[in-house]
Every structure is written in structure tokens, then in C-alpha cells.
Amino acid sequence: MINTKDILETINMIEEEHFDIRTITLGISLLDCASEDMRRLCARVYDKITSSARDLVRVGEDISQEFGIPIINKRIAVTPAALVAAGCGRTDFVPLARTLDKAAKEVGVNFIGGYSALVHKGYTDADRALLDSIPEALAVTERVCSSVNVATSKSGVNMDAVADMGRQIKRLSELTAADDSIGCAKLVVFANAVEDNPFMAGAFHGVGEPETVINVGISGPGVVQAALRRQGEEANLTQLAETIKRTAFKITRVGQLVASEASQRLRIPFGIVDLSLAPTPEIGDSVARILETLGLESCGAHGSTAALALLNDAVKKGGVMASSHVGGLSGAFIPVSEDEGMIAAIRGGSLSLDKLEAMTAVCSVGLDMIAIPGDTPAEVISAIIADEISIGVANTKTTAVRVIPAAGKQAGDSVFFGGLLGEAPVIAVNPASPLLFIKRGGRIPAPIHSLKN
């Protein structure tokens with residue numbers, strides 16, 4: 001039963017604590033669009049997306065108005081483009097990216113994800129064509145997002161792909177230099193990528209998914225922080241974990257409601273609710289500030305990894321009881337440019353790239369929205385990717401890298417993207433060279449605990 005107290009609490013969460021539904025993401029299978037001719041493929045893709053998603057934005061806005069719940073983004077995820085265009089062979093894939101962008105603009109969504117490839121064990125011809133096209137594709141489009149899965153806990157790490165992605169990120173940075181290298185904010189390198197992630201830039205529609213599906217991502221760092229503040233300084237960590245669990249349950253129930261309504265109105269199956277705490281640059285909507293409310297002077301201080309582990313675990317335990325289907329990435333995100341507390345911690349000197357990497361061992365995603373000097377060599381970018389991806393492989397969890405070599409910028413400068421992407425201080429990287437390690441290529445074998453059959 002819903003009582004007056006629950007209603008008033010939810011209203012306060014929305015009005016005072018920055019609670020929102022971060023995204024309704026419509027997954028669309030494009031496998032039936034396959035063709036050996038790129039022009040025919042693009043025509044089929046455009047028709048499929050615009051027909052399947054024609055009511056998505058309207059329905060999202062209707063639900064938001066009727067229930068008084070902010071729904072920030074409406075997005076689309078499609079089948080990895082390298083699979084859809086495999087019949088075209090090693091051709092130019094940029095026209096497909098332009099088509100995805102055109103379709104996204106036509107239906108009014110914020111982003112479309114799925115300009116993607118799965119190369120954790122090797123390349124097909126289409127995979128190579130897609131990876132080679134990523135810099136230009138993301139430079140000439142506005143709403144297209146790309147992801148590449150380079151590792152799994154079952155197959156190990158494809159170091160040839162890791163080396164390749166370092167070069168592609170470097171090239172993309174140069175092509176979008178006039179806009180603070182913003183193209184790199186639309187590209188994610190994954191280990192253990194999931195098929196039902198509603199969050200950009202890593203969303204794609206997996207081959208195990210239905211024809212179309214609705215996935216919802218929630219966000220409530222401000223709600224969690226407010227709940228912890230009410231506990232005061234006398235509460236111990238067990239009590240605070242319980243508070244986080246109860247709060248995660250409440251906000252996930254709202255996500256479940258929105259997902260069910262969208263599914264019913266669009267007549268599209270409900271997929272999952274992603275339990276993630278996704279911050280924004282707004283004051284009071286920060287994961288870093290939650291860690292500080294737990295008792296740290298500043299995010300990045302010793303104890304930050306332990307505090308984040310507590311937060312991530314409690315969010316999942318509370319949220320999983322509130323929805324019939326939980327999936328995606330689920331947990332706490334720590335994207336630097338999108339979290340004002342993270343930005344402040346870096347500028348204050350308490351948070352470094354190395355500490356961020358350590359924290360990713362216990363949270364969702366990984367090294368996310370981190371700006372580094374524009375003159376960082378491609379092999380160093382590849383080595384940053386390799387380090388983070390190895391954490392995911394060893395821990396059998398999803399990790400990723402969204403790093404931005406900011407063209408013309410040095411450590412201490414900042415890049416500005418606006419909106420949810422925020423701004424990022426440029427972080428120094430270790431100057432020692434990993435060139436020979438990256439040049440060796442090959443595949444890092446899967447860990448022994450992958451043998452579970």
C-alpha cells in the first residue's frame with residue numbers, strides 16, 4: 001500500500017534531491033536489415049528505427065507529465081553495427097553511422113548507441129572496417145555512440161584490439177579538437193559488455209534480446225546522500241548500509257513503475273531496470289559527495305575504495321528487491337566530468353588517475369569521462385585501457401574506459417562539454433612508456449577461474 005508519507009517522500013526526492021529517471025532506452029534489433037549493399041542496408045535501418053521508435057519520445061514525455069517524474073533522456077540502442085553490416089564486407093561504414101544519426105534526429109532521441117563491435121577474441125572483416133571508421137563516424141555525427149568489447153573473463157584480453165583502440169581514440173581526439181575532443185566522450189572500450197545496458201555511450205542491443213525491448217536507467221545520488229545525512233555522525237557503517245538499501249529500494253520502485261508504463265503504452269516488452277546511481281554536474285547530485293558523507297574528508301582519500309564498495313553493494317541489495325528484472329550495469333558510476341564532487345576532488349589534489357583506477361575495482365563501469373593531456377601517446381592510452389579491462393576480466397565484472405585525450409590541453413587545464421557531460425579537469429598520466437608491452441600484441445589468456453563449465 002502507498003501511504004501519504006510515501007507520496008510526500010517521493011515528491012521531496014524529485015523536488016529537493018535531484019531524483020530522476022535518467023533514461024528510457026528502446027532496444028531495436030537490426031538483424032533483419034542485413035544486405036550486401038550498403039545503400040540498401042542504410043535504407044532498411046532508417047525505416048526500421050523510425051517506425052519502431054516513432055512514439056518513444058512522446059510516451060516518455062506523457063509519463064513524465066502524468067506522474068510528475070523527470071525523465072531526462074529518451075534513447076535508442078541497436079544491434080552492433082559490425083554484425084548488421086557484416087554482409088557488406090570491408091567497406092566504408094561511415095554512411096551507416098550517418099543513417100543512425102539521421103534516424104535518431106527524426107524520432108527526437110538524445111543518443112543512439114550500437115555503432116559497435118565485439119572483438120574480445122578476434123576480428124572479422126566487418127569488425128576491422130567498423131573500428132577503422134570510428135574516428136570519422138563519431139566526428140561527423142551528433143548523436144551516434146560507439147562501443148568496442150575487447151575482453152571477456154572467458155576469452156581473456158585481445159591486446160591487438162586494445163592497441164588499435166588507443167590509436168582510434170587518439171585520432172578521434174584530433175578530429176574533434178575544435179570541440180575539446182568531445183568525440184571521445186561518445187566512445188567506450190569494454191570488458192564483459194552487457195547486452196541490456198540502457199546508458200550511453202556503451203548501450204547496444206544484444207543478439208540475445210527480443211525484436212524490441214524497453215530498458216530504464218534510474219539515478220538518485222542526491223536522494224542517497226540526503227538519506228545518509230539524516231542519520232547523523234553517530235550511525236555506524238552497518239546502519240548506513242541499511243539506509244542505502246532502503247533508499248535504493250524506493251527509487252528503484254519508481255523506475256519499475258516507469259518501465260512498466262512505457263512497456264504497456266508502446267506495446268514493447270519490458271527488459272530491465274538498471275539500478276545505477278548516475279551523477280550529474282549539478283550540486284547535490286554527486287557520488288563523490290556520498291562517499292564524503294560516509295566520513296571521508298574528500299573523495300580520493302584513503303578509505304574511498306572501501307566506502308565505494310559499501311555503497312555499490314548496498315545499492316544492488318536494495319534495488320534488486322524492487323524490480324522483477326534488474327540488469328544493465330547496476331551500481332554506482334564515477335564519471336569524472338559528470339560529477340561535481342569528483343571534479344572538486346581532482347582540483348583539490350585528493351583524487352588521481354591511479355586512485356580512480358583502484359576505485360573501479362568495486363564500482364560499475366570503470367574509468368569514465370576522464371580527460372588526459374592531448375599529447376598522451378596512443379600506446380599510453382592503450383595501456384590505460386589494458387589496466388582497466390584487466391580489472392574487469394580478473395573480477396568477472398563489466399568495466400570500461402571512456403578517456404578523452406584533450407587536444408592542445410595539459411594537466412591542470414579543463415575541457416567543457418556542457419549538459420550532462422559537464423566539464424573535466426585534465427589529469428596527469430604516468431610518463432613511463434609501455435610501448436613494447438603494447439606492441440607485443442596477442443591475447444592475454446583468460447584467468448583460471450574462467451573454467452567453470
Side-chain angles (χ1 to χ4, degrees), residues 2 6-7 10 13-14 19-33 47-80 103-104 106-114 145 194-200 202-220 248-278 315-316 318-331:
I2 299 176
D6 292 329
I7 295 170
T10 302
M13 284 162 50
I14 293 168
F19 174 64
D20 60 58
I21 300 299
R22 183 54 48 84
T23 180
I24 296 177
T25 300
L26 171 61
I28 304 173
S29 173
L30 299 182
L31 291 175
D32 58 346
C33 299
D47 290 343
K48 180 74 176 285
I49 293 172
T50 53
S51 61
S52 299
R54 63 180 180 273
D55 296 324
L56 176 62
V57 172
R58 177 186 60 79
V59 166
E61 291 174 349
D62 287 349
I63 294 172
S64 182
Q65 273 196 327
E66 290 175 32
F67 289 87
I69 301 168
I71 300 175
I72 306 302
N73 294 297
K74 277 70 70 175
R75 296 165 172 171
I76 295 171
V78 299
T79 311
E106 174 63 26
V107 299
V109 296
N110 309 90
F111 288 110
I112 184 165
C145 292
V194 296
E195 296 189 333
D196 56 5
N197 167 25
F199 286 101
M200 298 297 169
F204 63 85
H205 187 72
V207 295
E209 297 288 302
E211 187 73 17
T212 54
V213 68
I214 288 290
N215 297 320
V216 167
I218 61 173
S219 178
F249 178 87
K250 293 173 184 176
I251 62 179
T252 304
R253 288 302 290 169
V254 179
Q256 171 80 12
L257 170 65
V258 170
S260 299
E261 281 292 322
S263 172
Q264 182 180 356
R265 298 184 188 198
L266 291 167
R267 298 180 181 177
I268 291 173
F270 160 50
I272 58 94
V273 174
D274 189 313
L275 309 179
S276 299
L277 294 181
V315 166
K316 291 182 179 182
V320 77
M321 295 297 293
S323 175
S324 54
H325 297 290
V326 170
L329 300 171
S330 288

Reported CZ-to-CZ distance for the pair Arg75 and Arg22, which is rounded to 0.5 angstrom: 8.0 Å
Main-chain N/O of Ile268 paired with Ser263 side-chain donor or acceptor, under 3.5 Å: yes
Under 3.5 Å donor-acceptor, His205 side chain and Pro210 backbone: yes
Any residue meeting side chain to side chain donor-acceptor pair (under 3.5 Å) with Thr23, in chain and number order, not counting sequence neighbours: Thr25
Note, Val213 side chain near Asp196 side chain (heavy atom, < 4.5 Å): no
Steps toward side chain to side chain contact (heavy atoms under 4.5 Å, CB included) verdict (Val194, Leu329): CA-CA 7 Å; Val194 296; Leu329 300 171; 4.0 Å; yes
pair Thr212-Leu26: side-chain heavy atoms closer than 4.5 Å: yes
Partners passing ring pair (Phe, Tyr, Trp, His ring centres under 6.0 Å) against Phe270 (at least two apart in sequence or in another chain): His325
Closest non-hydrogen atom pair between Gly327 and Ser330, with its separation: O-OG, 2.7 Å
Flag, side chain of Thr79 to backbone of Leu30, donor-acceptor distance under 3.5 Å: yes
Distance, nearest 0.5 Å, that separates CD1 of Ile24 from CD1 of Ile71: 4.0 Å
Atom pair CG/CD of Leu266 and Gln264 - distance to nearest 0.5 Å: 10.5 Å
Listed once per pair and sorted, the salt bridge (Lys or Arg N to Asp or Glu O under 4.0 Å) pairs that draw on residues 205-216, sequence neighbours left out: Lys48-Glu211
Residue pairs fulfilling salt bridge (Lys or Arg N to Asp or Glu O under 4.0 Å) with at least one residue in residues 254-263, sequence neighbours excluded: Glu261-Arg265
Side chain to side chain donor-acceptor pair (under 3.5 Å) against Asp274, all qualifying residues, sequence neighbours excluded: Ser276
With a cut-off of 3.5 Å and sequence neighbours excluded, list every side-chain donor-acceptor pair involving residues 53-62.
from, atom 1, to, atom 2, distance (Å)
Arg54, NH1, Ser51, O, 2.6
Arg58, NH1, Asp62, OD2, 3.2

Distance (rounded to the nearest 0.5 Å) between Ile251 CD1 and Leu277 CG: 5.5 Å
Flag side-chain contact, heavy atom, 4.5 Å: Gln256 against Ser324: yes
Closest non-hydrogen atom pair, Pro198 against Ala203: C-CB, 4.3 Å
Side-chain (Arg253) to main-chain (Ala322) donor-acceptor, under 3.5 angstrom: yes
Euclidean distance, Ile72 CD1 relative to Ser64 OG, rounded to 0.5 Å: 7.5 Å
Ser323 and its side chain to side chain contact (heavy atoms under 4.5 Å, CB included) partner, picked from Thr252, Ile272, Leu257: Thr252
Considering all heavy atoms, the nearest Phe199-Gly217 contact: CZ-CA, 3.7 Å
Enclosure of Glu66 CD (heavy-atom neighbours >12, cutoff 6.0 Å): yes
Heavy-atom check, side chain of Ile49 versus side chain of Ile112, under 4.5 Å: yes
